[in-house]
Each structure stands twice: as C-alpha cells, then as structure tokens.
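The structure appears below as structure tokens.
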Amino acid sequence: MPLVSMKEMLDTANEKRYAVGQFNINNLEYIQAILQAAEDEKSPVILGVSEGAGKYMGGYSVVVAMVDATMKAQGTTVPVAIHLDHGQTFESCAKAIHAGFTSVMIDASHHPFEENIALTSKVVELAHFHGVSVEAEVGTVGGTEDGVTGGIMYADTAECKELVERTGIDCLAPALGSVHGAYEGEPNLGFKEMEEINVVAGVPLVLHGGTGIPTADIKKAISYGTSKINVNTENQIQQTQKVRDVLAANPDMIDPRKYLGPSRDAIKATVSGKMREFGSSNQA
C-alpha cells in the first residue's frame, strides 16, 4: 500500500473515537518494528521524524527510501504516513514534502500568534498542493525531546479556533500540560480546555508527550477529540534497556545484530501495546 497523508486516517479516528499513534523513528530497527506492529495489529500508523532524526538518518529522502523499501519487503498493507515532527521552518517542511513525506508539522508556536498564522498558512498552501496534511501547534508543550525544549504554556481556546479557520490545517496540537520526555510526577492535563477546544476547533486534536500518561487519561483525551498521540520516549527507554540487558549478559558480544535484534522486538511490543491502548487495533 502506498504512503498516505494523515488527514483521512485522523478524520476517521476522530469520528470513531480512537487515536492513531505517531511513533518516532530513529533508525532502521524502529521502522521495521513499528511497521511490523502495525501490520500485526491491523492498525493505521504514523511514522514521526524529527529534524534531528532526519539528519541522523541521512536526510529526508533517505528516510522515505528506507520506509518505502521496508514496507515493500515486509508486505505492509495498513495505512502508513511519514510525518515531519516539529518542523521549525518553512524550508524544513518544504524539503520534507519534496522528499516524499505525506504529512508535516509546522511548529511556529514559539512565534507571536500572527507570525504563527502567517508561517502555518504558507506551509499549508504548499502542502495541500502536494496532497500532504499539516499539523500546527498553539501554546507550548513542556520538556525536552531531540533538541525541542519548552516550558508548559497552555493553548488559548480562541487562538486555536482562529488558527484553524485562518490556515486550513488538518489537525491541531493544543498544548494542555503534556511534556516531551519523561514526566516528573503525575501528568496534569487540561481536560476542561481540551473539551472546549474540541468543540470550537473542528479538526482532530493531537497529544504530544504520550509517554507516561495513565490509560484513563488517554481514554478521556480521546473522548474529547484527541485523534493522534505521539510516542517516542517510551520506545527509547524499552529499546535501551533491552540492549543493556543483552550486553550485560553477554559482555563479549560485538555483533550489533545480536543486541539490536532483541531491542527491535522490545520496540515492537511497546508499539503494539500502545495501539491497543489507543483503540486503533483492527481499524485498518
């Protein structure tokens, strides 16, 4: 199955009240594991690529080629989108679009609101011309992940409504207390604000920082229109722990296939569990 944009999969998820997981990829093992989990679970899936991870893997064109080749080799039949996560500039989004990404996030939330509108509108115009979906953000998601850092700043409901209406984005990430990376203490999501934004925005909502959020809160967020949930840290934790365990038990091991293979299985198991938690299993 060819790569698709996020729009249809998220609109369907929003209508049926489940969420599609965005699982960030960092190397080939991540791509293999996430696609295997999606196929086994019969779930649509979004492969997130940060600017830093894209550079690490050799550029956006290399990422698309790796994903395309892996899908063909593994016989992937479920809907898959490649999404630029936290694109910081129009140029970065344009490069991803021209490389074959099917979705991009323009994160202009750190700019004044009118600049966010202008930059997001420019990205939407290019992306929609190429059939590519667009995500934008209002407010600031806290924490640090892959060089993206911010203190928590809640999204304003009126600004969320205005951003959607003036830009034509396909989904919205309103910052409502979630953080990138690991949480210190219990997450405290703004469900009242989420419910209000869900009513006025009219597009699927996105929850960044999905690692460490209790299942009950995940289910509540989905009931308020959250149709995309981003996960990266948990996969990294599980993969790294497996590598450490294997090398601790085999201190003379030097073949990367023998410790990266088990770590790939750990990623796959984590992703499968998230798909069931988000309700996207058997939705493809």
Side-chain angles (χ1 to χ4, degrees), residues 2-7 9 20-35 37-38 45-74 76 79-110 119-120 122-124 126-127 129-137 141 143-150 169-171 173 180-181 206 208-211 228-236 239-240 260 263-264 267 271:
L3 292 163
V4 299
S5 83
M6 295 194 309
K7 180 171 174 52
M9 65 169 73
V20 180
Q22 174 193 297
F23 302 97
N24 283 50
I25 58 178
N26 300 283
N27 59 24
L28 179 61
E29 282 75 22
Y30 277 80
I31 297 170
Q32 292 171 326
I34 295 165
L35 290 178
V45 69
I46 299 159
L47 304 180
V49 183
S50 67
E51 290 184 350
K55 183 177 180 181
Y56 173 80
M57 287 185 279
Y60 297 148
S61 295
V62 174
V63 173
V64 173
M66 288 170 65
V67 171
D68 184 58
T70 303
M71 289 176 65
K72 289 176 181 175
Q74 295 184 180
T76 302
V80 179
I82 304 182
H83 177 72
L84 177 64
D85 191 22
H86 288 284
Q88 297 295 301
T89 64
F90 174 81
E91 289 74 19
S92 184
C93 291
K95 287 178 182 178
I97 291 167
H98 292 307
F101 277 51
T102 57
S103 184
V104 295
M105 176 190 185
I106 176 62
D107 183 3
S109 59
H110 50 287
L119 180 52
T120 300
K122 187 177 179 182
V123 171
V124 168
L126 176 67
F129 178 79
H130 291 279
V132 171
S133 53
V134 180
E135 172 186 342
E137 183 171 314
V141 176
T144 299
E145 185 176 54
D146 198 18
V148 178
T149 302
I169 56 173
D170 301 291
C171 57
H180 294 126
V206 180
H208 285 244
T211 296
K228 173 176 178 276
I229 301 176
N230 295 7
V231 176
N232 184 33
T233 302
E234 190 159 347
N235 280 333
Q236 292 179 331
Q239 183 206 29
T240 302
L260 289 179
S263 79
R264 178 178 57 200
I267 297 167
V271 172

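Below, all heavy atoms of this structure are taken into account, side chains as well, without hydrogens, waters or symmetry copies. Fair warning: this is a prediction, and the values are worked out from it, not measured in the lab. When a residue number appears, it is its place in the shown sequence, counting from 1.
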Once rounded to the nearest 0.5 Å, what's the spacing between atom [atom1] of [X] and atom [atom2] of [Y]?
X: M66; Y: L28; atom1: CE; atom2: CG; value: 5.0 Å
X: L47; Y: L3; atom1: CG; atom2: CG; value: 8.0 Å
X: H110; Y: Q88; atom1: NE2; atom2: CD; value: 5.0 Å
X: S92; Y: H86; atom1: OG; atom2: NE2; value: 12.5 Å
X: T76; Y: L35; atom1: OG1; atom2: CG; value: 4.5 Å
X: E51; Y: T89; atom1: CD; atom2: OG1; value: 6.0 Å

Within 6.0 Å of CZ in F90, more than 12 heavy atoms from elsewhere
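Counting neighbours around CZ of F90, more than 12 heavy atoms of other residues, nucleotides or ligands fall under 6.0 Å, so yes.
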
Residue pair [X] / [Y]: nearest heavy atoms and the distance that separates them:
X: S50; Y: N24; result: N-ND2, 4.2 Å
X: V104; Y: V132; result: N-CG1, 4.0 Å
X: V63; Y: G54; result: CG2-CA, 4.3 Å
X: C93; Y: L84; result: CA-CD2, 3.8 Å
X: V62; Y: M57; result: CG1-O, 3.1 Å
X: V64; Y: G100; result: CG2-C, 3.9 Å

Got a sec, which residues hit side chain to side chain contact (heavy atoms under 4.5 Å, CB included) with A81, two or more places apart in sequence or on another chain?
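Side chain to side chain contact (heavy atoms under 4.5 Å, CB included) list for A81, sorted by chain: M6, M9, I46, T102.
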
Which residues satisfy the side chain to side chain contact (heavy atoms under 4.5 Å, CB included) test with N27, sequence neighbours excluded?
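N27: side chain to side chain contact (heavy atoms under 4.5 Å, CB included) contacts with E29, Y30, Q239.
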
Between F23 and V45, is a side chain to side chain contact (heavy atoms under 4.5 Å, CB included) present by the stated rule, with each step listed?
CA-CA 8 Å; F23 302 97; V45 69; 3.8 Å; yes

Can you list the residues that meet the salt bridge (charged side-chain N to carboxylate O under 4.0 Å, His left out) rule with E234, with sequence neighbours excluded?
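By the salt bridge (charged side-chain N to carboxylate O under 4.0 Å, His left out) rule, E234 matches K274.
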
Is there a side-chain contact between [X] and [Y] (heavy atoms, below 4.5 Å)?
X: H208; Y: M105; result: yes
X: D85; Y: N232; result: no
X: H98; Y: H130; result: yes

Scan E135, K228, H83 and name whichever one has a side-chain hydrogen bond (donor to acceptor under 3.5 Å, both in side chains) with S103.
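It is H83, the one option of E135, K228, H83 that forms the side-chain hydrogen bond (donor to acceptor under 3.5 Å, both in side chains) with S103.
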
Residues V67, I25; criterion side chain to side chain contact (heavy atoms under 4.5 Å, CB included); working and verdict
CA-CA 10 Å; V67 171; I25 58 178; 4.2 Å; yes

Would you mind telling me which of D68, V4, V49 makes a side-chain contact (heavy atoms from CB on, under 4.5 Å) with I82?
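The residue from D68, V4, V49 that satisfies side-chain contact (heavy atoms from CB on, under 4.5 Å) with I82 turns out to be V49.
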
